*Asks:* 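The structure follows.
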Amino acid sequence: MRIVFAHQNFPAQFGAFGGWLAQKGWDVAFLSAAEALTPPDRTVAVRAKPAREPAAGVHKLARNAERMALNGHAMAQAALKLADRGFQPQLIVAHSGWGSGTFLKAVWPGAAFVPYIEWYYNAPAIDRLPGDDAAATPDQRAVSIARNLPILADLAQATAALCPTGFQRDQLPEALRGQLTVSHDGIDCAGNAPDPTARLDIPGLALPEDAEIVTYATRGMEPHRGFPEFMRAVARLQATRPRLHAIVGGEDRVCYGPALPEGESWKARMLAELELDLDRVHFIGLQPRNAFRRLLQVSQAHVYLTVPFVLSWSLLEAMAIGAPLVASDVAPVREAMNHGEEGL
């Protein structure tokens, strides 16, 4: 079998799975806009860099369509390079929503095309923050329709389609859900496993032997992933548990949800709001995968907070590792874990 994976990032959802398929004897190729494009053994990769960003004067409702065209054109040009080498896939799997796979059938019309659909936008947004009960405006609804155009273009030419969870599938209109197979992209359970001998391996971080370790890790620090609530809980716990150390992974930026005014951050806001013992709160930034794995292996309480949104790999990796879990009681989390069994 010959398969092409297309994604703006790498390795993202497809890197490990593509490497596994290659070990099974498949011919695997990756197309990605990522700069650090190091494919697994026995696979090939071609970078697909868009020629430019969407033009500054593009109407806001056309901006996402132009981004789709720029990304899709770059992917198609990268695909032509593969085709010139004689690579003719039977199957194309593409992350949908950014144009990554939208024009690949133009290069390989005979291949089966399977978009991987991660998030469909609705108004009012189901992932709005607690307390935000504003009704959707016509403008918000129009923006959502525009953001979904790449997904609709992909579904129109799909042989089949994948969605990682039932919750994410249910964000699509009911008439489209029948095209989707719910199948998560998977967790490497051999690599993410319990290890009672694990020790922290983070430069500059040395904790007391009797430390109670609470962990929190996300890409950014924002209300979408419960960062303010976590920090407020740490402040309360510090007052009653003198051995508690909180380790926070991630960058001081907003990845999901509304951005803050220039120069502000949720980390700065929480440090200003709360009386914290900063000798017992450790911000470690983004960590290499092995260091993050060891962090979860030593954690005595890993906290995963979220609004109803895309289910993070980190939760499932923490489950595979066997970390004690405290998580938000929302639909995507309930789909993965049962209260009192895999976590609280």
Side-chain angles (χ1 to χ4, degrees), residues 1-50 71-118 154 157-164 181-193 195 201 286-294 296-297 312-314 316-317 320-321:
M1 287 290 292
R2 293 177 300 283
I3 186 169
V4 166
F5 292 103
H7 199 304
Q8 294 306 112
N9 295 315
F10 189 85
Q13 285 94 340
F14 304 145
F17 182 56
W20 181 81
L21 287 177
Q23 292 175 6
K24 300 291 182 183
W26 288 45
D27 291 333
V28 178
F30 297 98
L31 304 176
S32 178
E35 291 188 19
L37 191 52
T38 306
D41 292 342
R42 305 179 192 174
T43 71
V44 297
V46 179
R47 189 170 180 223
K49 184 180 180 180
N71 291 339
H73 183 247
M75 287 285 182
Q77 288 183 312
L80 286 170
K81 293 178 182 177
L82 274 178
D84 287 344
R85 300 179 199 172
F87 196 94
Q88 295 293 324
Q90 295 143 313
L91 181 59
I92 302 163
V93 178
H95 185 251
S96 188
W98 300 92
S100 303
T102 305
F103 304 127
L104 295 184
K105 286 277 284 185
V107 178
W108 294 302
F113 176 58
V114 181
Y116 173 100
I117 296 172
E118 194 167 20
D154 288 351
Q157 53 183 327
T159 311
L162 293 172
C163 195
T181 296
V182 175
S183 181
H184 195 272
D185 30 290
I187 295 297
D188 176 5
C189 291
N192 294 284
D195 181 359
D201 184 19
L286 295 178
Q287 293 293 314
R289 180 162 292 277
N290 286 340
F292 177 63
R293 185 178 296 138
R294 284 189 287 273
L296 292 175
Q297 288 168 335
S312 300
W313 300 323
S314 65
L316 300 176
E317 288 169 345
I321 284 168

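These figures come from a predicted structure and were not determined experimentally.
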*Asks:* Kindly write out the residues that satisfy side chain to side chain donor-acceptor pair (under 3.5 Å) with Asp201, not counting sequence neighbours, or none if the list is empty.
*Replies:* Arg294
*Asks:* Could you go through Val4 and Val93, starting from their C-alpha distance and side-chain angles, then the distance that decides it, and tell me whether this counts as side chain to side chain contact (heavy atoms under 4.5 Å, CB included)?
*Replies:* CA-CA 6 Å; Val4 166; Val93 178; over 6 Å; no
*Asks:* Ignoring hydrogens, what is the shortest heavy-atom contact between Ala94 and Phe113? Give both atom names and the distance.
*Replies:* CB-CE1, 3.9 Å
*Asks:* In terms of heavy-atom contacts, does CZ of Arg47 have more than 12 from other residues, nucleotides or ligands at under 6.0 Å?
*Replies:* yes
*Asks:* Any chance you could lay out the side chain to side chain contact (heavy atoms under 4.5 Å, CB included) test for Val28 and Arg42, step after step, and finish with the verdict?
*Replies:* CA-CA 8 Å; Val28 178; Arg42 305 179 192 174; over 6 Å; no
*Asks:* Checking the side chain of Gln77 only, and the main-chain atoms of Ala48 only, is there a donor and an acceptor separated by less than 3.5 Å?
*Replies:* no
*Asks:* Once side chain to side chain contact (heavy atoms under 4.5 Å, CB included) is applied, do any residues pair with Asn192, and if so which ones, sequence neighbours excluded?
*Replies:* Ile187, Asp188, Arg293, Glu317, Ala320, Ile321
*Asks:* Measuring from Lys49:NZ to Leu37:CG, what's the distance to the nearest 0.5 Å?
*Replies:* 13.5 Å
*Asks:* Apply side chain to side chain contact (heavy atoms under 4.5 Å, CB included) to Pro39 and list each qualifying residue two or more places apart in sequence or on a separate chain.
*Replies:* Phe30, Thr43, Ala45
*Asks:* Going by side-chain hydrogen bond (donor to acceptor under 3.5 Å, both in side chains), name the pairs with one or both residues in residues 98-111, residues two or more places apart or in two chains.
*Replies:* Gln8-Ser100, Thr102-Asp154
*Asks:* NE2 of His184: more than 12 outside heavy atoms within 6.0 angstrom?
*Replies:* yes
*Asks:* Could you tell me the separation between the NE2 atom of His95 and the CZ atom of Phe10, rounded to the nearest 0.5 Å?
*Replies:* 14.5 Å
*Asks:* Looking only at heavy atoms, which two atoms of Val107 and Ala76 are closest? And how far apart?
*Replies:* CG2-O, 3.8 Å
*Asks:* Donor-acceptor pairs under 3.5 Å, side chain of residues 81-91 to any protein atom, not counting sequence neighbours: which ones?
*Replies:*
residue: Gln90; atom: OE1; partner: Arg2; partner atom: N; Å: 2.8

*Asks:* Going by heavy atoms in the side chains, are Leu286 and Phe292 under 4.5 Å from each other?
*Replies:* no
*Asks:* Do any side-chain atoms of residues 12-27 form donor-acceptor pairs under 3.5 angstrom with protein atoms, and if so which ones, sequence neighbours left out?
*Replies:*
residue: Gln13; atom: OE1; partner: His7; partner atom: NE2; Å: 2.7
residue: Gln13; atom: NE2; partner: Glu118; partner atom: OE1; Å: 3.4
residue: Gln13; atom: NE2; partner: Glu118; partner atom: OE2; Å: 3.1

*Asks:* To the nearest 0.5 Å, tell me how far Leu162 CG sits from Tyr116 OH.
*Replies:* 8.5 Å
*Asks:* Output the distance between atom CG (Leu31) and atom CD1 (Ile92), rounded to the nearest 0.5 Å.
*Replies:* 9.0 Å
*Asks:* Ignoring hydrogens and angles, tell me if any N or O in the side chain of Ser32 forms a donor-acceptor pair with the backbone of Ala34 under 3.5 Å.
*Replies:* yes
